[in-house]
Peer 1: 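I'd like to ask some things about the structure below.
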Number of protein chains: 2
Amino acid sequence: MAKRSVRLSRDAIIDCATALADAEGLEAVTIRRLAQENGVTPMAMYWHFNDKDSLLDGLAEHLIASVKLPEPGDGMWDEQLRAILVAFLDAIRPHPALAGLALRRILVAEPGLRLAERVLDLLRQAGFGPEQAAEVGTFLMCAVITLVVGDPMAAKAAVGGDAAADMRHKQAMLQALEPGRYPNLIAAAPALVSCRGQDDYFTINIDLLVQGVRGTRRN
Amino acid sequence: MAKRSVRLSRDAIIDCATALADAEGLEAVTIRRLAQENGVTPMAMYWHFNDKDSLLDGLAEHLIASVKLPEPGDGMWDEQLRAILVAFLDAIRPHPALAGLALRRILVAEPGLRLAERVLDLLRQAGFGPEQAAEVGTFLMCAVITLVVGDPMAAKAAVGGDAAADMRHKQAMLQALEPGRYPNLIAAAPALVSCRGQDDYFTINIDLLVQGVRGTRRN
DNA sequence: ACCTGAACACCGTTCAAGT
DNA sequence: ACCTGAACACCGTTCAAGT
């Protein structure tokens with residue numbers, strides 16, 4: 001794994017870290033591991049990044065920069081809002097191990113600022129004041145992130161082991177609950193263990209968020 | 001800090017870990033630190049817990065067990081659902097550093113199962129089928145957790161330093177953006193940096209979730 | 001400008017052993 | 001049943017030094 005393309009760069013490290021997180025989870029993203037992966041000494045990383053936290057900042061920024069923001073368009077605010085949330089979702093879905101990093105880092109770099117500005121703009125169009133737009137907009141972006149962080153496929157690499165066996169095990173456990181006390185859990189057992197990560201899970205809950213915004217605004 | 005009450009117990013360790021997480025953040029919760037805090041060898045922890053992950057399981061279960069579930073009641077499903085989400089929120093709000101642990105652990109112990117069963121029951125009453133109830137219910141609980149994980153007060157202890165100064169700094173940064181490109185961020189700057197953690201933030205977004213459920217159901 | 005070497009203070013965990 | 005001691009393989013990070 002210790003290959004050295006010629007020179008090390010911030011971007012190369014970030015790409016490497018992203019691939020590593022996708023393949024083995026965020027806890028595999030380590031200063032020492034990244035160094036090893038690039039055929040370099042751990043301390044070489046400290047030339048390109050101040051410390052590990054700024055490496056994580058870079059990962060989050062790179063992730064958010066991959067959002068394909070739709071053009072400001074002329075449709076209704078709710079359809080435009082949905083389109084933006086879906087664009088955000090689509091960008092982070094391939095990287096569930098990194099999505100959580102964005103929770104606290106949306107407003108720290110330009111790509112996140114652009115995303116947030118667009119969300120706030122649409123919420124203002126929907127009739128929210130500046131404060132309410134801030135509160136709702138912040139939550140909407142966090143909620144979309146949660147949609148993919150809750151994805152059990154994200155845990156696959158983390159646990160390292162057999163995800164399918166784990167799902168079968170959890171479902172069997174739910175099915176084995178006392179029918180008198182947990183009728184709904186038993187009825188929903190198959191969906192509970194496999195719903196997250198399915199397209200249906202994302203679309204229905206994005207819909208819930210947009211409908212919630214519509215129901216919450218003043219006018 | 002090395003006091004020893006007589007004997008070590010699972011519950012004592014969990015209480016200690018909870019206090020530690022509240023005071024210094026989750027990354028201060030360490031096998032070695034817990035041992036030191038209890039005047040004991042690190043390896044003593046392994047008698048009470050298989051490994052660190054099962055310690056975290058215990059912390060999450062203890063947290064969820066503190067939810068004061070309202071009685072099944074006779075009101076409308078949406079009012080009951082709001083009451084349950086608020087009860088969940090109130091329980092985890094005092095422990096923002098631990099809330100994230102519950103994201104993947106709701107269905108692993110009895111308190112979480114009881115909570116989930118109640119949520120699913122109300123969603124069925126609202127007209128959702130078993131699969132949709134599972135998808136929406138899972139998301140609702142995750143979204144409530146996100147409400148407190150996104151709380152910047154949770155980062156206060158983690159960063160260790162001056163949270164107020166950090167907020168002033170972030171707000172100044174937002175105010176200094178180009179007015180042409182980020183008018184809404186500038187207008188919402190005060191709310192963006194301080195909205196989370198405020199009661200208003202929680203109530204408006206819990207409302208958004210409940211309204212979203214109402215708008216999403218079939219009948 | 002970019003990287004190395006040695007060292008420090010931390011982690012979680014295992015394994016054998018004590019009482 | 002409950003805890004200790006020594007050891008192992010990992011962390012992030014600093015500081016001085018090399019080219």
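Small disclaimer: the values here were computed from a predicted structure and weren't measured. Chain letters run A, B, ... following the sequence lines, proteins first and then strands; every chain starts at 1. Quick note: numbers below take in every heavy atom, side chains included, and nothing from hydrogens, waters or symmetry partners.
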Peer 1: When the C1' atoms of dA17(C) and dC2(D) are compared, how many Å lie between them, rounded to an integer?
Peer 2: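 Their C1' atoms lie roughly 13 Å apart.
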
Peer 1: For the CG atom of Asp15(A) and the CG atom of Leu59(A), what is their distance to the nearest 0.5 Å?
Peer 2: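 Result: 9.5 Å between the selected atoms.
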
Peer 1: Show the nearest heavy-atom pair for residues Ala99(B) and Val148(B), with the distance to one decimal.
Peer 2: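 Ala99(B) and Val148(B) have their closest heavy atoms at CB-CG2, 3.5 Å.
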
Peer 1: Nearest to the side chain of Thr41(B), heavy atoms from C-beta on, is which of dC3(C), dC11(C), dT4(D)?
Peer 2: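 Selected nucleotide (nearest to the side chain): dT4(D).
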
Peer 1: Restricting both atoms to N or O, compile the protein contacts to nucleotides 14-17 of chain D shorter than 3.5 Å, with distance only.
Peer 2:
none

Peer 1: In whole angstrom, give the distance that lies between atom CH2 of Trp47(B) and atom C1' of dG18(C).
Peer 2: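 Rounding to the nearest Å, CH2 of Trp47(B) and C1' of dG18(C) are 14 Å apart.
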
Peer 1: Without decimals, in angstroms, what is the distance between Gln36(A) CD and dC10(D) C1'?
Peer 2: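 Gln36(A) atom CD is separated from dC10(D) atom C1' by 12 Å.
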
Peer 1: Nearest to the side chain of Arg32(A), which nucleotide is it out of dA1(D), dC11(D), dT13(C)?
Peer 2: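 Minimum distance to the Arg32(A) side chain belongs to dC11(D).
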
Peer 1: Apply the test side chain to side chain contact (heavy atoms under 4.5 Å, CB included) to residues Glu37(B) and Arg33(B): give CA-CA distance (whole Å), side-chain angles for both, the deciding distance (0.1 Å), then the verdict.
Peer 2: CA-CA 6 Å; Glu37(B) 216 76 24; Arg33(B) 177 74 185 275; 2.9 Å; yes

Peer 1: If every non-hydrogen atom of Ile13(A) is compared with every non-hydrogen atom of Leu55(A), which pair is closest and at what distance?
Peer 2: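 Closest approach of Ile13(A) to Leu55(A): CG2-CD2, 4.5 Å.
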
Peer 1: Applying a 3.5 angstrom cut-off to the pairing atoms, does DNA chain D sit in any stems of at least three consecutive Watson-Crick or G-U pairs? List them by first number.
Peer 2: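 Looking at DNA chain D, the stems formed by three or more consecutive pairs are C:4-8 with D:12-16, C:12-16 with D:4-8.
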
Peer 1: Applying salt bridge (Lys or Arg N to Asp or Glu O under 4.0 Å) as the test, list every pair that has at least one member in residues 168-185 of chain B; sequence neighbours left out.
Peer 2: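 Listed by first then second residue: Glu110(A)-Arg181(B), Glu178(B)-Arg181(B).
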
Peer 1: Ile31(B) has a side chain; which of dC2(D), dG12(D), dG12(C) sits nearest to it?
Peer 2: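 The answer is dG12(C), which lies nearest to the side chain.
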
Peer 1: Give a yes/no answer on whether the side chain of His48(B) brings an N or O atom under 4.0 Å of OP1 or OP2 in dC3(D).
Peer 2: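 His48(B) to dC3(D) OP1/OP2: side-chain N or O found under 4.0 Å.
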
Peer 1: Without decimals, in angstroms, what is the distance between Leu55(B) CG and dC11(C) C1'?
Peer 2: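 From Leu55(B) CG to dC11(C) C1': 14 Å.
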
Peer 1: Is a side-chain donor or acceptor of Thr138(A) paired with a backbone partner of Glu135(A) at a separation under 3.5 angstrom?
Peer 2: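 Looks like no, no N/O pair under 3.5 Å.
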
Peer 1: What is the distance, rounded to the nearest whole Å, between atom CG of Leu34(A) and atom P of dC10(D)?
Peer 2: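 Distance check: Leu34(A) CG to dC10(D) P gives 16 Å.
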
Peer 1: Measure the distance from CZ on Arg10(B) to C1' on dA1(D) and round it to the nearest whole Å.
Peer 2: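 Distance check: Arg10(B) CZ to dA1(D) C1' gives 16 Å.
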
Peer 1: Please round to the nearest 0.5 Å and tell me the distance separating atom CG of Leu8(B) and atom CE of Met45(B).
Peer 2: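 With rounding to 0.5 Å, CG (Leu8(B)) is 5.0 Å from CE (Met45(B)).
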
Peer 1: Evaluate the criterion side chain to side chain contact (heavy atoms under 4.5 Å, CB included) for residue pair Val213(B) and Phe128(B); output intermediate values, then yes/no.
Peer 2: CA-CA 10 Å; Val213(B) 173; Phe128(B) 289 95; 3.6 Å; yes

Peer 1: Can you tell me if the side-chain N/O atoms of Thr30(B) get under 4.0 Å from OP1 or OP2 in dC10(C)?
Peer 2: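 Negative; the distance criterion is not met.
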
Peer 1: Which pair of non-hydrogen atoms, one from Leu98(A) and one from Ala21(A), has the smallest distance, and what is that distance?
Peer 2: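 Looks like CD2-CB, 3.6 Å.
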
Peer 1: Tell me: CD of Glu27(A) to C1' of dG12(D), nearest whole Å?
Peer 2: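 Distance, rounded to whole Å: 16 Å.
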
Peer 1: With the side chain of Lys52(A) defined as its heavy atoms from C-beta on, choose the nearest nucleotide among dA7(D), dT13(D), dC3(C).
Peer 2: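 Side chain of Lys52(A) sits closest to dT13(D).
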
Peer 1: Write down the atom of Ala189(A), the atom of Leu174(A), and the distance for their closest heavy-atom approach.
Peer 2: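 Nearest heavy atoms, Ala189(A) then Leu174(A): CB-CB, 3.8 Å.
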
Peer 1: Rounded to the nearest angstrom, tell me the gap between atom CD1 in Ile13(A) and atom P in dC2(C).
Peer 2: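 In whole Å, dC2(C) P and Ile13(A) CD1 are 11 Å from each other.
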
Peer 1: If you check every side-chain atom of Arg7(A), which of dG12(D), dC2(D), dC3(C) has the closest atom?
Peer 2: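 Looking only at side-chain atoms, Arg7(A) lies closest to dC3(C).
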
Peer 1: Could you tell me the separation between the CE atom of Met45(B) and the P atom of dT13(C), rounded to a whole number of Å?
Peer 2: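 The answer, rounded to whole Å, is 13 Å.
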
